[in-house]
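Below, chains carry the letters A, B, ... as their sequence lines are ordered, and counting in each starts from 1.
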Amino acid sequence: SQQGEEDPQALSIQEGENATMNCSYKTSINNLQWYRQNSGRGLVHLILIRSNEREKHSGRLRVTLDTSKKSSSLLITASRAADTASYFCATDEDRGSTLGRLYFGRGTQLTVWP
Amino acid sequence: ETGVTQSPTHLIKTRGQQVTLRCSSQSGHNTVSWYQQALGQGPQFIFQYYREEENGRGNFPPRFSGLQFPNYSSELNVNALELDDSALYLCASSLVLVPGELFFGEGSRLTVL
């Protein structure tokens, strides 16, 4: 089953605009990660935020985590055409299940127009 | 470039056949996981290997099996292929067993006709 669900399913913006994607999940977690996938290729890790953190930055990326609402958001500032990709949130489960097992959502397809 | 390589990149099989997919982990990584990604979906966990032992399995039937070798490379075997097995199969390695960043390969695209 998929624990995380991204919203929106698709997002289309112009270069220079900010892109915000949201993720909701169902169970307690140790950490939440965001991955990027260019069309039909492997996933690339973007950022990891632990359950005791509320916000984290990496370059043009800003991730927030609200464990009370079981939700996270990924903000990409000053987007570029090269940011066009699918973005997935991934969670583990804080219930002793397989360590290292990640649960992915269906992803948000981001298109950035030049 | 994650240092994880998978082969083959694409392959076509017919229903009922068997397939073996291979993965070479990033140097020093002792944990490998396999994920199945159907078109338009997120990756689904198949199983994980740690020090050559299966260390957890997702909701996949026994015809999905795997191996991890002493050099930490890995294989995914699927027997009695079904049409629904058509997907991108992703291998991911990590340094330790605890939850953290996974390093993914580019995947093997399997089409079952």
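Of the inter-residue distances, the one linking Leu46(A) atom CG with Glu101(B) atom CD reads 9.5 Å to the nearest 0.5 angstrom. Gln41(B) CD to Phe104(A) CZ: the interatomic distance, rounded to the nearest 0.5 Å, is 13.5 Å. Atom CG of Leu43(A) is separated from atom OH of Tyr35(B) by 10.0 Å, given to the nearest 0.5 angstrom. A distance of 10.0 Å separates CD in Gln48(B) from CZ in Arg101(A), rounded to the nearest 0.5 Å.
In this view, Ser73(B) and Phe69(B), Asn71(B) satisfy the side chain to side chain contact (heavy atoms under 4.5 Å, CB included) rule, not counting sequence neighbours. Applying the ring-ring contact (aromatic ring centres under 6.0 Å, His included) test to Tyr72(B) and every residue at least two apart in sequence or in another chain returns nothing.
When heavy atoms are compared at a cutoff of 4.5 Å, Gln37(B) approaches chain A solely by way of its side chain, counted from C-beta outward. With a threshold of 4.5 angstrom between heavy atoms, Gln37(A) approaches chain B through side-chain atoms but not through N, CA, C or O.
Summarising the local packing, CZ of Arg80(A) is surrounded by 12 or fewer heavy atoms from other residues, nucleotides or ligands at distances under 6.0 Å. No more than 12 heavy-atom neighbours from other residues, nucleotides or ligands sit within 6.0 angstrom of CD on Gln9(A). Within 6.0 Å of CZ in Arg54(A) there are more than 12 heavy atoms belonging to other residues, nucleotides or ligands. Remark: Arg60(A) CZ is packed, more than 12 non-hydrogen atoms of other residues, nucleotides or ligands lying under 6.0 Å away.
Within residues 76-90 of chain B, the residues having any heavy atom closer than 4.5 Å to a heavy atom of chain A are Leu88(B), Leu90(B), listed by residue number.
Phe88(A) and Val4(B) are assigned to two separate hydrophobic clusters, defined by single-linkage of ILVMFWY side chains at heavy-atom distances under 4.5 Å. In terms of hydrophobic clustering, with Ile, Leu, Val, Met, Phe, Trp and Tyr side chains grouped at heavy-atom distances under 4.5 Å, Ile46(B) and Leu67(B) are assigned to different clusters.
Sorted by first and then second residue, the pairs that involve residues 45-71 of chain A and meet ring-ring contact (aromatic ring centres under 6.0 Å, His included), not counting sequence neighbours, are Tyr35(A)-His45(A).
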